[in-house]
Amino acid sequence: MNEPLPQHRPIRSFVLRRGRLTLAQARAYDALWPRFGIAWKPGEPLDLPALFGNSNPVYLEIGFGNGESLAELASRHPQRNYLGIEVHRPGVGHLLLEIERRGLTNLRVCRHDAVEVLEQGLARASLAGVYLFFPDPWPKQRHHKRRILQSRLLASLARVIRPDGIFHAATDWEPYARQMLALLTNADDLFVNLAGPGAFHPRPQTRPLTRFEQRGARLGHQVRDLIFRRR
């Protein structure tokens with residue numbers, strides 16, 4: 001009789017922390033999640049036009065943190081739809097409050113592993129763009145395998161971003177920026193560097209400046225932007 005193979009836990013780009021919700025965030029979950037939240041299940045395809053009630057172009061942010069940038073983008077561009085994916089409950093609660101405060105109707109939120117959603121929940125060429133702003137750099141060498149931008153994610157991005165769509169990443173960790181640049185450069189059959197071969201992109205005015213980034217600037221951290229167009 002064959003013994004069952006051991007089950008290996010997947011390598012995640014995040015550690016799920018037990019963050020406590022504020023009273024306001026808890027209220028937001030109760031009152032706003034039914035309207036703006038997406039209770040996605042693995043393998044279940046997302047019907048984006050049905051979720052938003054229109055066929056406007058959809059932009060997705062991976063790991064939106066507390067949602068500052070995403071809420072600002074959705075506020076600036078009401079003719080676009082935005083989908084945010086984040087695993088940490090307080091961040092989701094904070095964004096739900098921002099949706100309410102700003103009166104946004106073009107933003108939806110999913111609390112799940114973004115890698116799985118990209119692989120299993122989105123149709124080919126269904127997104128106009130994807131953002132990855134300040135992902136965890138996992139600076140220790142032994143943790144580099146946890147960095148979210150790997151070949152696996154790049155393959156998913158190439159599948160779900162439509163031709164001429166955009167992938168925009170930003171980080172203040174120079175070694176990670178160099179790794180990202182090398183990975184995307186090697187995928188030149190799929191993506192074109194809008195800054196030119198081997199170059200980082202100047203910070204675009206379209207990317208909202210967050211408190212996290214402002215704090216890093218005071219500490220002398222240089223932010224690198226990478227903007228690539230899907231062929």
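Fair warning: this is a prediction, and the values are worked out from it, not measured in the lab.
- The salt bridge (Lys or Arg N to Asp or Glu O under 4.0 Å) contacts involving residues 119-132 comprise Glu119-Arg152, where partners must be two or more places apart or lie in separate chains.
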(request) For side chain to side chain contact (heavy atoms under 4.5 Å, CB included), just list the numbers for Leu95 and Leu70, CA-CA rounded to whole Å, side-chain angles, deciding distance to a tenth of an Å, and then say yes or no. (result) CA-CA 8 Å; Leu95 180 55; Leu70 192 56; 4.0 Å; yes
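- Using a 4.5 Å cut-off on side-chain heavy atoms (C-beta onward), Gln214 and Leu209 make contact.
- Of the possible polar contacts, one joining the Arg111 side chain to the Val87 backbone as a donor-acceptor pair under 3.5 Å is found.
- Taking 4.5 Å as the limit, some side-chain heavy atom of Leu96 sits within range of a side-chain heavy atom of Val92.
- Taking the ring centre of Tyr82 as origin, the terminal cationic atom of Arg108 falls outside the region bounded by 6.0 Å and 45° from the ring axis.
- One finds the CD atom of Glu86 at 8.5 Å from the CD atom of Glu61 (value rounded to the nearest 0.5 Å).
- Atom-to-atom distance recorded for Phe191:CZ and Asn186:CG is 13.0 Å, nearest 0.5 angstrom.
- Pairs passing the salt bridge (Lys or Arg N to Asp or Glu O under 4.0 Å) check and including a residue from residues 24-41, sequence neighbours excluded, read Arg27-Glu100.
- The structure places NE2 of His221 at 12.0 Å from CD of Glu174, a figure rounded to the nearest 0.5 Å.
- Side-chain contact between Leu51 and Phe36 is absent, with no heavy atoms from C-beta onward closer than 4.5 Å.
- Ring to ring, Phe133 and His168 are close: their centroids are under 6.0 angstrom apart.
- The local environment of CG in Leu23 is sparse, with at most 12 non-hydrogen atoms from other residues, nucleotides or ligands closer than 6.0 Å.
- For the residue pair Met180 and Pro135, the shortest heavy atom distance occurs at CE-CG, 3.7 Å.
- For the side chain to side chain donor-acceptor pair (under 3.5 Å) with Arg207, the lone residue among Glu213, His201, Glu72 that qualifies is Glu213.
- One N or O on the side chain of Gln120 and one on the backbone of Gly43 form a donor-acceptor pair closer than 3.5 Å.
- Atoms CG and CG, on Leu154 and Leu118 in that order, are 11.5 Å from each other to the nearest 0.5 Å.
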(message) For a salt bridge (charged side-chain N to carboxylate O under 4.0 Å, His left out) check, start with the C-alpha distance between Arg224 and Asp172, then their side-chain angles and the critical distance, and finish with the verdict.
(response) CA-CA 6 Å; Arg224 298 292 198 179; Asp172 65 343; over 6 Å; no
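- Trp173 places no side-chain N or O within 3.5 Å of a backbone atom of Ala177 that could act as its donor or acceptor partner.
- Counting only distance, with no hydrogens or angles, the side chain of His94 and the backbone of Asn66 share a donor-acceptor pair below 3.5 Å.
- At a threshold of 4.5 Å between non-hydrogen side-chain atoms, the residues Leu132 and Leu157 do not count as touching.
- The side-chain tip of Arg147 points at the ring of Tyr176 from less than 6.0 angstrom away and within 45° of straight on.
- Proximity of Arg76 to Pro208: side-chain heavy atoms (C-beta onward) are separated by under 4.5 Å at one or more points.
- Cluster membership check: Leu226 does not share its hydrophobic cluster with Leu194, using side-chain heavy-atom separations under 4.5 Å among Ile, Leu, Val, Met, Phe, Trp and Tyr.
- A cation-pi arrangement is present between Arg80 and Tyr59, with the terminal nitrogen or guanidinium carbon under 6.0 Å from the aromatic centre and inside a 45° cone about the axis.
- Atom CD of Gln205 sits in a sparse spot, with 12 or fewer heavy atoms from other residues, nucleotides or ligands closer than 6.0 Å.
- The CG atom of Leu21 lies 13.0 Å from the NE2 atom of His88; values are rounded to the nearest 0.5 Å.
- When atom types are taken as modelled, the side chain of Arg231 and the backbone of Asp188 share a donor-acceptor pair closer than 3.5 angstrom.
- A donor-acceptor pair is defined here as one N or O able to donate and one able to accept, closer than 3.5 Å; such a pair exists between the side chain of Arg230 and the backbone of Ala158.
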